[in-house]
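Below you'll find the structure, written out as structure tokens, and then a few comments.
Sequence lines set the chain letters: A, B, ... in the order given, protein chains first and strands last, and positions in each chain run from 1.
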Amino acid sequence: MFEEYDDYRKQIREFGLKEFTDEVAAKYDRGEEYPDYLRKKSLSLGIVDMQNPAKILIAIEELCRIDAGLGISVTTPYFGAEVLMLFGNDKQKEFLNDVYSGKYVLGLGVTEASGGSDVAHIKTTATKKGDKYILNGSKMFITNGAIADYLVVLARTSDEDKPHHGLSTFLLNTKLNGFKANKLTGKLGVRATNTAELTFDNIELSSEDLIGEEGKGFYYIMTFFNISRIYVAAQGLGIAEGAFDKILEYVKANEIKDENTMFEIADVATRIEATKELTYNAASYLFKFEPRPQLTSMAKAYAGETAVYASEKAMEILGANSLEENVERIFRNAKIMEIWEGTSEVEKLVISRFILKGE
Amino acid sequence: MFEEYDDYRKQIREFGLKEFTDEVAAKYDRGEEYPDYLRKKSLSLGIVDMQNPAKILIAIEELCRIDAGLGISVTTPYFGAEVLMLFGNDKQKEFLNDVYSGKYVLGLGVTEASGGSDVAHIKTTATKKGDKYILNGSKMFITNGAIADYLVVLARTSDEDKPHHGLSTFLLNTKLNGFKANKLTGKLGVRATNTAELTFDNIELSSEDLIGEEGKGFYYIMTFFNISRIYVAAQGLGIAEGAFDKILEYVKANEIKDENTMFEIADVATRIEATKELTYNAASYLFKFEPRPQLTSMAKAYAGETAVYASEKAMEILGANSLEENVERIFRNAKIMEIWEGTSEVEKLVISRFILKGE
Amino acid sequence: MSNLNEENNILRDTVREFCEKNLDEKKIEEEKIDNNINSLLASQGFMGAKISSKYGGSELDDISYHIILEEFSKYSPSIAMKIFMINSLYLPSVINTEYESYLQDVSSGKMNVSVDFMNNKYKLEYGNNINGTVENILNTDSENIVLFDGKTTIVNGPFKTREKDFMGFKGLKFGSIELNNKYNVIDKNSRKEKIMEDSYNDLSAIALGIISGAVDKAMDYSRVRTVFGAYLKNYEPLVFRLSEMYSKENILRSILYSNLDKYYTFNFAMNSIVEIARFSVNTHGGYGYFKDFGVEKFYRDAIILKSVFYGNSELKQLSNHVYSEKLTFI
Amino acid sequence: MSNLNEENNILRDTVREFCEKNLDEKKIEEEKIDNNINSLLASQGFMGAKISSKYGGSELDDISYHIILEEFSKYSPSIAMKIFMINSLYLPSVINTEYESYLQDVSSGKMNVSVDFMNNKYKLEYGNNINGTVENILNTDSENIVLFDGKTTIVNGPFKTREKDFMGFKGLKFGSIELNNKYNVIDKNSRKEKIMEDSYNDLSAIALGIISGAVDKAMDYSRVRTVFGAYLKNYEPLVFRLSEMYSKENILRSILYSNLDKYYTFNFAMNSIVEIARFSVNTHGGYGYFKDFGVEKFYRDAIILKSVFYGNSELKQLSNHVYSEKLTFI
């Protein structure tokens, strides 16, 4: 699948191998610093060809295979764009061009400190006042939070009986008064990515900042996650492949031939192959606008577990050699795959719900 | 994948549901009896369309989903045909028509008591004597052994330094003097299939019975297994799907909603989906004559484990209700999937060898 | 094992010798446990292992009882299940009721009994008589059975039974019983839940026997079987896994006999048993799939034990115990 | 725990109180263990836990030593690793050699030492001096180190070191040492293999502490965190898994302190540790990914412990032990 992009894949991999050297990866990992120059460099590759999501998928996979911290940093400044693309007004869609061109960094502000994956119960409010909305509240674990120029933000615009009603999405300019971002440090992995806690203190939003219709925010965000999850699956796949590269490199260099290690190689390889097929297959439905959310959730949950499994296996097989920074970094990067964009637990409920409904 | 056969799939499933009733499945399981009438009935469906291996694959999957004992019984009387098709002479190829038409039951005699998956070290000999070969030795765990009219048999025709040299394949008529089949009973599962221990006591074979060239038997058989493994993967896939059917049936009928069971459903479903994609993907390469043995071995090993995993989960989720004969039979049938046509262990060595060779 | 004394070891040897001398495990699987075997077991005091000496039982302590269950289970899980049903299920069902004197005939092997522990959802229609079907019950050849239906009830035979071929514990007759009998309430409360929870260690002992039997067979086989020109014991992945299973066997034995919290022991036993029995079959290759090798029975009995006795409700009990509170789940 | 007596329990409380009163686990991770902490540990006799009183050590028995390792590890695995290096690795390296008097300064916290246990494949060029690089060594701020290179060798500092940021046991300085020093052979045989095999239970104790810390954090969090309108402890799959992990923790503690065969205990510890630490991170959701919550460190230290100390050679040792023979593998 996606063989037609083999050339593009090669091109991306070459870029990654050239730019994501061990030194660069280590530097931004240690310093917890966002590599903005790599974002700019990468733009020339057409990584964000929104007309061609398959290319995005492949870019994510190949770049995360080399280093997930840098790979995600480079492919995530467009995070949230699908919300605007699908539900935004013409001006907002036009604005996206500035995101794609690299002028602006975008982000998505949904998760809150009290909620985790529980989107329906967010507490941030956008209270209507004349033709304005006054935004108050806070957000947690927001990728690009402290570097984004704009954020797609989910807030409560009215109280309804059902908590997932009454939510709306806005395009927030982070230069506005009342916006504060507190960069969070001390992450286990993907430390080159920027993560922040946000507070909104009486930020004045105009009605033009509203995305789509008022009260439909929950639906927009769920639609978005059903798309974005496939990219998380690709991150997980890439990390697993990167871990496997390290295993093979080590086994070949040290001429390891013992049968137990051969079995481990077969097990990891089989799991990665299954991850790849689950991911590509779910993506192919999604990309022809016939999404099958249970397949996407399967791919995401399985890929997350595969990333962790493969990286742990790399550590174990390499033994003391796993302490080498370029291997242990993979291990540290992998864990988040089971957590963000819906924990594996949430995915499993999605899967079983769809199955019991009768697909 | 293989969506173009959806109608055929439906047709096969209808046949299976009609013929493989719980009563029939239980009867042949309890009695360890081969259901020859089902073999004959099934012929009308074109299950053995050798021009169309995808149909064979689908038939195996769908029939094993309903009952593996009967499903394998009905789809295995052609076992070994590919050896003749690929390497046989014109007369032997012509003979295949009588197999496909149901006139003869075929089987494959490779495994020996001392060897298991170790094909190179078989001890059966076919000693050349004039223009005849004298066959002596024994075979173990031979599917169709006591019902086959003909068997493709592997025997040693010369002693060579390397044990996998000097082996040849023959087409053996089981009516010949010196042939004895001892039906083996007391199998854990797939009890409707026929399994036998064979002894060859000075059986006279003519040089016309030789398949292909003398000394190439090992290569022929390995080529065959690289094909037949995909069908074992389909058996495993079908069994897993059948087990999952029982889980869903039970969960729906009893309105079970607890979260732990929901997670189990998601896990089993994801593993089955991965199995399906691994199997179909490996098959699609194989069927366009671009076999990728490591993908086939992955599919086979993964499918075997999935069959066992899903059937164990069915037992556990159904609890005391799993004692119901139609559920526990699935459990008993599943185990062989990890054993025959190369144990999972052998597959893993194949996989790692191919990977380290650099695919 | 540090917690086992000389006496315990002698008992273990006694059971082992008894099995080897008197029992044919394949015959038991094929022909069921007969009166002959019942009498033999009774004569040695195994049948009434926990029953008071007042009723001719052996009145053994827990450790001794578990040694008996483990050793019988290793040889023939069906025998262990029979002893378990009498001592862990029937005994606490009838004790301190007017029917406890039945224990005399039970411990002497004269009376076959059964208890419905299969989480049956049968419906019993009470009247003067009891009518209805008890599905999936072991020991269909019983003279009386205990049922739980809100209350604890005893029903005397003779019964109209329908035997079924059953995949697990094949030494015991299995099937359904069509009730049209007199019944007596012996406790107006159901004793079932407490009985089941009290039997965790006993079930762990049976599991240990199955595990031990499966590991032994596989290790023995790995020492004699050659494939690809080497003994199985020369193959790393196989030996590593078998050694890890042997480790688990020893851990289970240690925590069972050192009387660790029964919830933990039971969880460990149930999480290990199927995987170990399965791998023992795998180790035997094609031979493992045939009953002649006496290893597939461990796999069958392992899944039955786990499926019937370990599920969501036992995990809930474990969780309540761990959290020291009665948890509610959404 | 049946095998632990009153004295053991007092020791456990002592260590716990010591940690809470004197140590800041986050500061240790960020700023490393300093001389202050060294002195504190020494003053309480922890530094020389197993060292003879002749050299100012506490000369503790195994159970007491393991309690110390477990409790420190639960609070700060780095401290436990430091104590382990001294008592399980350095002590048996220098004992009965002319350098055993070094133990005096070690137990008093005056001398930092290290032992190369990382399975380094470094090449040392011997001459009058020793030249070469020791890669990946913990405690780079040591005054002397023990190396194994066919022999057992001691090398005195000062050393030219290069520190590296290291993902595991962050309280200890880690990096490489450029040797250009005098060396002394203290035993013409390498003591490494025996030392490592003798340390199985000690490592299991460290693992137990990590497991216990990870499970505790997760269970505590499950009691206070709400999501989708309910406490985490009201979600079945999460609670079931945590309860099973708590079971494993208790099993490990039981078999460690009841002195079950160390091979089995070590295998169980190493097969449990990573999974449990990982699930503790998962339980904490996004928060688990940040060091502030003090749970991701268990995951990091868990994988390091397993990767460095448990691999094919340990599985071979287990197998040899189980099979009671030296197996050869194809």
Mind ranking V239(C), L242(C), T265(C) by heavy-atom pairs under 4.5 Å with chain D and telling me who comes out on top? V239(C)
Going by side chain to side chain contact (heavy atoms under 4.5 Å, CB included), name the residues that satisfy it together with E7(D), two or more places apart in sequence or in a different chain. N5(D)
Which residues in residues 316-330 of chain C have any heavy atom closer than 4.5 Å to a heavy atom of chain D? K316(C), L318(C), S319(C), V322(C), Y323(C), E325(C), L327(C), T328(C), F329(C), I330(C)
With sequence neighbours left out, which residue pairs that include part of residues 267-287 of chain C fulfil the salt bridge (Lys or Arg N to Asp or Glu O under 4.0 Å) condition? E312(B)-R278(C), R241(C)-E275(C), K248(C)-E275(C)
Ring centroid separation F148(D) to F117(D) under 6.0 Å: no
Are side-chain heavy atoms of D220(C) and V224(C) found at a separation under 4.5 Å? no
Pairing of D61(C) and K50(C) as salt bridge, 4.0 angstrom limit: no
Residues pairing under ring-ring contact (aromatic ring centres under 6.0 Å, His included) where one sits in residues 196-226 of chain D, two or more places apart or in two chains, turn out to be Y200(D)-Y263(D), Y200(D)-F266(D), Y221(D)-H284(D)
If you count every heavy atom of other residues, nucleotides or ligands that lies below 6.0 Å from Y231(D) atom OH, does the total exceed 12? no
In terms of heavy-atom proximity below 4.5 Å to chain C, should N312(D) be classed as side chain, backbone, both, or neither? both
